[in-house]
Amino acid sequence: MENYFNPEIECASREQITKWQDERLAATVKRVYENVECYREKMDAAGIKPEDIKGVKDLHKLPFLSKEDLRKQYPFGLLAVPMSDCVRIHSTSGTTGRRVVAFYTQNDIDLWEECCARAITAAGGTKDDVVQVCYGYGLFTGGAGLHGGSHKVGSLTLPMSSGNTDRQIQFMTDLGSTIICCTPSYAAYLAESINERGMRDQIKLKAGIFGAEAWTEEMRHDIEEKLGIKAFDIYGLTEISGPGVAFECSQKNGMHINEDHFIAEIINPDTGEVLPYGEKGELVFTSITKEAFPLLRYRTKDICVLNAEPCACGRTHVRMAKPMGRSDDMLIVKGVNVFPSQIETVLMNNGYPANYQIIVTRENNSDRIEVQVEMTPEMFSDSLKDITKREKQLVSDLKAMLGIYCVVKLVAPKTITRSEGKAKRVIDKRNLYGSH
């Protein structure tokens, strides 16, 4: 039996969804043209007037918005309402350059929390559940979004934030948490810690809602097996609102985009051409209900595919595949496109834990890629000859997947630093050699 938080919207007809999108898009374009100088300048430069955008079919006429635009407009340049109407900000982690700050009115927060409530309900959450939120709180959107969604569902909410694993496990056992929300890499670490302590039979978890970083199907199966749960993907980005832009249902066959709030497109990242459903490209989002900080045709850098086929769960909203990685996460090594998720697939198919690091260097004008992988305790007790054999096997499997040679180094358990937030998988040292 499929659970819906808002069945009238989640299972609305395609005609109804298009009608909402047409009306809301036209109204949003008119409003930002009048209130946001950056949009007015971009549209004027492209020869577009608000009345040219009557609905979704005209969306392609609008210029794109990039993260660079958001940085240039920091902090107030894209604000579409008076500051006095705003009740909160969130911010990206700001790992490169200036931070990006997103503003919210109370209505923006209510709609965002409803999107997260849909995700929790799709994962089986009800008012009888205990939802442990281990995403970071504060400026990061993860904690606040799932926290608000859990409240809307009526679940008992544990606002744990990230880190302090001993306390996480104590509350999980003492309060009987049934749903956990965190990054997949932290879920893998929690699973490892719970099993090491021999406490698997003391936890009552039934589901996990994991997002904020790319993860593979192999990692999903590993977490599900170790924690005895169903693992669901959730997608979002601070610029658009936060987690809950899209979420998985019981079918786990792509994430339903909340299309009453967001319009998704897939484009060719090089030409900007809009691609049809089913083709792989860069994901672009337009928010059509945001008051404070509506973004039009925002380029996410995430590479994925959209699927408009009907879903067996009964939801009618278009699904996005799990992002394969970000176009800016993609490594180009010896002219070959390499996504960390491809490497993770090979490692997990060979029985390795999801603890690895990819180090790219340049030696004698040639790229070198080294994959450091933790062994399980059983593997670590193998003879040196067996370990060498394992390394050779991985070298061969990675070459088959990527088409290039990688150096593989198997390391002792617990030697790769654990992440309590987003895992740092790639260290690209080529920049230090004065070249990309």
Side-chain angles (χ1 to χ4, degrees), residues 93 95 142 182-189 191 208-226 231-237 243 245-248 252-255 266 269 278-283 300-307 319-360 367 369-374 393-408 416-419 421-428:
S93 49
T95 46
C182 61
T183 60
S185 52
Y186 190 52
Y189 178 45
I209 298 173
F210 306 131
E213 59 189 21
W215 54 305
T216 57
E217 283 303 309
E218 291 74 20
M219 191 167 181
R220 185 208 300 269
H221 298 318
D222 189 58
I223 293 168
E224 286 185 332
E225 193 182 328
K226 286 184 175 151
F232 295 86
D233 209 345
I234 189 168
Y235 176 88
L237 55 173
V245 172
F247 61 89
E248 273 187 326
K252 298 188 200 166
N253 184 22
M255 290 174 272
I266 292 286
E279 293 218 8
K280 183 172 77 175
E282 182 184 344
L283 185 59
T300 66
K301 301 278 196 181
D302 282 326
I303 303 292
C304 76
V305 175
L306 294 180
N307 177 0
R319 284 166 287 158
M320 58 178 274
K322 188 187 276 294
M324 308 174 66
R326 296 169 60 81
S327 57
D328 52 0
D329 267 357
M330 185 181 77
L331 292 162
I332 300 179
V333 182
K334 297 179 180 172
V336 175
N337 296 349
V338 175
F339 286 103
S341 57
Q342 294 173 297
I343 293 174
E344 184 175 295
T345 294
V346 170
L347 300 181
M348 299 202 72
N349 279 339
N350 278 282
Y352 294 88
N355 302 315
Y356 62 93
Q357 209 145 46
I358 301 158
I359 300 160
V360 191
D367 292 338
I369 183 164
E370 177 176 298
V371 183
Q372 296 189 355
V373 194
E374 269 189 24
Q393 180 65 50
L394 281 179
V395 168
S396 162
D397 289 357
L398 285 167
K399 187 157 194 312
M401 169 69 90
L402 306 172
I404 54 171
Y405 172 77
C406 303
V407 176
V408 173
I416 292 171
T417 310
R418 296 297 188 267
S419 160
K422 290 192 185 189
K424 176 90 174 130
R425 301 289 195 204
V426 181
I427 299 168
D428 192 342

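With sequence neighbours excluded, no residue forms a side-chain hydrogen bond (donor to acceptor under 3.5 Å, both in side chains) with Ser341. Considering only residues two or more places apart in sequence or on other chains, Glu225 meets the side-chain hydrogen bond (donor to acceptor under 3.5 Å, both in side chains) condition with none of them. Applying the side-chain contact (heavy atoms from CB on, under 4.5 Å) criterion to Val305, with sequence neighbours excluded, gives Lys280, Ala321.
With hydrogens and angles disregarded, a donor-acceptor distance shorter than 3.5 Å links the side chain of Glu224 to the backbone of Ala231. No donor-acceptor pair under 3.5 Å is formed between the side chain of Glu374 and the backbone N or O of Asn355. In terms of modelled atom types and a separation under 3.5 Å, the side chain of Asp222 and the main chain of Glu218 share no donor-acceptor contact. Between the side chain of Gln357 and the backbone N or O of Ile416, no donor-acceptor pair lies under 3.5 Å.
Taken to the nearest 0.5 Å, the CG atom of Leu283 stands 5.0 Å off from the CE atom of Met320. In this structure, Glu279 CD and Leu306 CG are separated by 11.0 Å, a value rounded to the nearest 0.5 Å. Here Glu344 contributes atom CD and Ile358 contributes atom CD1; the two are 8.5 Å apart, rounded to the nearest 0.5 Å. If you take CG on Leu331 and CD1 on Ile343, they are separated by 7.0 Å, rounding to the nearest 0.5 Å. Taken to the nearest 0.5 Å, the NZ atom of Lys399 stands 9.0 Å off from the CD1 atom of Ile404. If you take CG on Asp428 and CG on Asp367, they are separated by 8.0 Å, rounding to the nearest 0.5 Å.
Closest approach of Asp233 to Gly211, counting heavy atoms only: OD1-CA, 4.4 Å. Between Cys406 and Val371, the closest heavy-atom pair is CB-CG2, 4.3 Å. Of all heavy-atom pairs spanning Glu213 and Trp215, the tightest one is O-CD1, 3.3 Å. Between Met219 and Ala354, the shortest heavy-atom contact is CE-CB, 3.8 Å. What you find for Tyr356 and Pro340 is that their closest heavy atoms are OH-O, 3.9 Å. Closest approach of Gln342 to Leu402, counting heavy atoms only: OE1-CD2, 3.6 Å.
Checking Leu398, Val395, Ile369 one by one against Tyr405, the side-chain contact (heavy atoms from CB on, under 4.5 Å) holds for a single residue, Val395. Screening Arg220, Lys322, Arg319 for a side-chain hydrogen bond (donor to acceptor under 3.5 Å, both in side chains) with Glu248, the sole residue that qualifies is Arg220.
Salt-bridge annotation for Glu217 and Lys252: absent, with no side-chain N of the basic residue lying under 4.0 Å from a carboxylate O of the acidic one.
Contact annotation: the side chain of Pro243 never approaches that of Tyr235 to less than 4.5 Å [non-hydrogen atoms, C-beta and beyond]. No side-chain heavy atom of Lys424 sits less than 4.5 Å from a side-chain heavy atom of Ser185.
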